[in-house]
Number of protein chains: 2
Amino acid sequence: MIEPLDPDMFDPMCPSSAIPFQIGDKWTGMIVRCLADGPRRFTELRVPLRTITPKVLTATLRAMQRDGLVTRTAYDENPPRVEYELTELGRSMLILIDAARTWSEQYLPAILAARRASEELTTFR
Amino acid sequence: MIEPLDPDMFDPMCPSSAIPFQIGDKWTGMIVRCLADGPRRFTELRVPLRTITPKVLTATLRAMQRDGLVTRTAYDENPPRVEYELTELGRSMLILIDAARTWSEQYLPAILAARRASEELTTFR
DNA sequence: CAGAATCCTCCCGGATACTG
DNA sequence: CAGTATCCGGGAGGATTCTG
């Protein structure tokens, strides 16, 4: 039994516009990370992604499925249960994402500082 | 004297929608790579970026400057000369970009294959 | 629970033309 | 050469509502 996803999973990086890189579109990278520990259900994914709408989550998952990053398994139960799981290809992105996270942890403060500094230049003038 | 930029620098990755990750916005990653070997001029950057318009190139460079990724040096000459150069912070992104390129070289074929495969499913039905 | 359907908005990025 | 100044369209993504 894997642990439930932390609702605040993406809070630390939440000034997301401050981060100079993304994996794929807006959500793909975060979804890959959510699936790192094992398969997850649709609603389960919505928790840490917080502001994502079902429409966009569906669309993103479909695209990832199309590209061979995740598999979709629907169990014939009631209420319905659907699980998404990383493929090998999807798992291979994890190292990339980790590299990005490490970089971000290291350098994000510098970026924010540079941004604040250039902001002050335009403010006092 | 550093070598001129190859106009076809980004041709191999040109089905860009097929690539599941980006660095920052559409152009930032490519610009960082263009500056890897040393400072470049505005017009010089336009060569490998090909379809970028001056407005967008300016906007992207300004944003990168604001975030401390590049420096802008204007020489008081006629005709004017301006050079863009990576900061240390900007250079630190190179390893990340290289990791992304390596990943892409390795797995892009698999993604395209998966995409083609799922396309055939919807076509013949 | 896991979506589908519909409508809508914002804004990124392009096209074009002009200039110190 | 290195940009500005306008204008503009498309498409990603959000809000809302409904359903097997």
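Note on naming: letters A, B, ... go to the chains in the order of the sequence lines (proteins, then strands), and numbering restarts at 1 for each one.
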If I take atom [atom1] in residue [X] and atom [atom2] in nucleotide [N], what distance separates them, rounded to the nearest angstrom?
| X | N | atom1 | atom2 | answer |
| --- | --- | --- | --- | --- |
| Glu44(B) | dA2(D) | CD | P | 9 Å |
| Asp25(B) | dC11(C) | CG | P | 16 Å |
| Trp27(B) | dG14(C) | CH2 | C1' | 10 Å |
| Ile52(B) | dG13(C) | CD1 | C1' | 9 Å |
| Leu57(B) | dG14(C) | CG | C1' | 14 Å |
| Gln22(A) | dA12(D) | CD | P | 13 Å |
| Arg40(A) | dC1(C) | CZ | C1' | 17 Å |
| Tyr75(A) | dG20(D) | OH | P | 25 Å |

dist Ile31(A):CD1 -> Met93(A):CE (nearest 0.5 Å) comes out at 11.0 Å
Can you figure out which of [options] approaches the side chain of [X] most closely?
| X | options | answer |
| --- | --- | --- |
| Lys55(A) | dG14(C), dC7(C), dA2(D) | dC7(C) |
| Val82(B) | dG20(C), dA2(C), dG3(D) | dG3(D) |
| Phe42(B) | dC1(D), dG3(D), dG14(C) | dG3(D) |
| Val56(B) | dA2(C), dG13(C), dG3(C) | dG13(C) |

[X] vs [N]: side-chain N/O to OP1/OP2 distance below 4.0 Å:
| X | N | result |
| --- | --- | --- |
| Arg50(B) | dG14(C) | no |
| Thr58(B) | dG3(D) | no |
| Arg81(B) | dA2(D) | no |
| Thr43(A) | dA2(C) | yes |
| Arg41(A) | dC1(C) | no |

Base, sugar-phosphate, or nothing for Tyr84(B), non-hydrogen atoms under 4.0 angstrom? sugar-phosphate
Would you indicate what Arg46(B) reaches in the nucleic acid, counting non-hydrogen atoms under 4.0 angstrom: base, sugar-phosphate, or nothing? nothing
Taking every heavy atom of Pro4(A) against every heavy atom of Arg40(A), the minimum-distance pair comes out as CA-NH1, 4.0 Å
Smallest heavy-atom separation, Ala36(B) atom then Leu94(B) atom, equals CB-CD2, 3.9 Å
Under a single-linkage definition using a 4.5 Å side-chain heavy-atom cutoff for Ile, Leu, Val, Met, Phe, Trp and Tyr, are Val47(B) and Trp27(B) assigned to the same hydrophobic cluster?
-> no
field: Glu77(A) atom CD: more than 12 heavy-atom contacts under 6.0 Å
entry: yes
Assert: residue with more 5' nearest nucleotide on DNA chain C, out of Arg62(A) and Pro79(A), is Pro79(A)
On DNA chain D, more 5' by nearest nucleotide between Thr51(A) and Leu61(B) is Leu61(B)
### Main-chain N/O of Ser92(B) paired to Trp103(A) side chain as donor or acceptor, under 3.5 Å
yes
